[in-house]
Every structure is written in structure tokens, then in C-alpha cells.
Amino acid sequence: QVQLVESGGGLVQAGGSLRLSCAASGLTFSSYIMGWFRQAPGKEREFVAAINRSGFNTYHADSVKGRFTISRDNAKNTMYLQMNTLKPEDTAVYYCSASRSSSWYGLRPKVEGEYDYWGQGTQVTVFS
């Protein structure tokens, strides 16, 4: 049974930092492209970042570029999202996801349907 479990969310003041983790089990982690999405209250879920199997290639949404960094440790079956210079508009539930896509370059990273497994999410609240 595949499980993706997010952790690291919480309450933080604007300008602060958090690091989210996504622990994966029940799958061959290094064979999956991984992604982070978020959903703010009253809004649709949106793409945050994606990373290829090796971790060499990453892609970040414009809204987080330069502030957030996605990474992974295949030896630990874990993906991370380092979030710096947080803003109130970053407040959302953050979800990790896994894609069986065979090609990084063929993946549409912003499309939820490209991902096969999802975690339950972790809440991030940024106050000013």
C-alpha cells in the first residue's frame, strides 16, 4: 500500500521559514517523479514544485521561485520543500504527490492528473 505522509507544517510569522517533508512507503521511491501542491481556503489546488527521479532536475512555480526549494533523498525515501521568506499568501494545505511518468520532459508537472498518489496534506499558516 502506497503511503505519502507530509510533516513539518505549522504556524510561522511572515518572513520566516519552514521545511516540509514527505515520507514515502509502499513504492520504489527513486522511480517516481515527485511534486508539491497546495490549496488555500476557497481556492483550487495549485502546483508548487516538482523534482525528477534523481533530484537533478527541478521545476518551481513562479509564485515560489527563489523562495522555495524542492529536494529529495532517495536513500531515505523522503522529499522536502524548504520554504523561506514566507508570505501570508503562502497559507495553505500542502500536499505531496508521486508520478509514475516515464519521462521528466514528457510530464506536465502542473497537471494534477499526472500524479498517481497523494498525501493527506499538512497545514502551513503564515501570519503578518
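Heavy-atom basis, side chains included; hydrogens, waters and symmetry copies ignored. The structure presented is a predicted model; accordingly, all values stated were derived computationally and were not measured.
Transitive grouping of hydrophobic side chains (ILVMFWY, heavy atoms separated by less than 4.5 Å) brings Val48 and Leu18 into a common cluster. Linking ILVMFWY residues whenever their side-chain heavy atoms come closer than 4.5 Å, directly or via other members, leaves Met79 and Tyr59 in distinct clusters. Criterion: ILVMFWY side-chain heavy atoms under 4.5 Å apart, direct or through other members. Under it, Tyr80 and Phe29 are not part of a common hydrophobic cluster. Under the 4.5 Å side-chain contact rule for hydrophobic residues, Val2 and Trp36 share a cluster. Hydrophobic clustering (ILVMFWY, side-chain heavy atoms < 4.5 Å, transitive): Ile51 and Tyr95 are in distinct clusters.
Contact record, Tyr115 with Ala50: OH-CB, 3.8 Å, taken as the closest heavy-atom pair. For Ala49 against Leu81, the heavy-atom pair with the smallest separation is CB-CD1, 4.5 Å. Leu4 and Met34 make their closest contact through CD2-CE, 4.2 Å (heavy atoms, listed as atom of the first residue, atom of the second, distance). Taking both residues in full, the closest heavy atoms of Ser54 and Asn74 are given as CA-ND2, 4.4 Å, listed atom of the first, atom of the second, then distance. Of all non-hydrogen atoms in Arg53 and Arg100, the two that sit nearest each other are NH2-O, 4.3 Å. Contact record, Phe37 with Pro109: CZ-O, 3.6 Å, taken as the closest heavy-atom pair.
Atom CD of Glu89 sits in a crowded spot, with more than 12 heavy atoms from other residues, nucleotides or ligands closer than 6.0 Å. The environment of CD in Gln39 is crowded: more than 12 heavy-atom neighbours from other residues, nucleotides or ligands sit within 6.0 Å.
A distance-only check finds a donor-acceptor pair linking the side chain of Thr91 to the backbone of Val126 [under 3.5 Å]. Between the Arg38 side chain and the Glu46 main chain, no donor and acceptor come within less than 3.5 Å of each other. Looking only at distances, a side-chain donor or acceptor of Glu6 sits under 3.5 Å from a matching main-chain atom of Cys96. Side-chain N or O atoms of Glu114 include none that pairs as donor or acceptor with a backbone N or O of Leu107 at under 3.5 Å. Of the possible donor and acceptor atoms, none in the side chain of Arg72 sits under 3.5 Å from a partner among the backbone N and O of Gly55. Listed for the Ser128 side chain is no donor-acceptor partner under 3.5 Å among the backbone atoms of Ala14. Put simply, the side chain of Thr78 gets close to the backbone of Lys76: a donor and an acceptor are under 3.5 Å apart. Between the side chain of Asn52 and the backbone N or O of Trp104, no donor-acceptor pair lies under 3.5 Å. For the pair Thr28 (side chain) and Ser30 (backbone), a donor-acceptor distance under 3.5 Å is absent. At distances below 3.5 Å, not a single donor-acceptor pair connects side-chain atoms of His60 with backbone N or O atoms of Gly66.
A salt bridge links Lys65 with Asp62: the closest approach of a Lys/Arg side-chain nitrogen to an acidic carboxylate oxygen falls below 4.0 angstrom.
At a threshold of 4.5 Å between non-hydrogen side-chain atoms, the residues Val124 and Leu20 count as touching.
Put simply, OH on Tyr117 and OH on Tyr32 are 4.5 Å apart, with the number rounded to the nearest 0.5 Å. Atom CD of Glu112 sits about 12.5 Å away from atom OG of Ser99, to the nearest 0.5 Å.
Below 30°, between 30° and 60°, or above 60°: for Phe68 and Tyr94 the angle between ring planes is between 30° and 60°, a tilted geometry.
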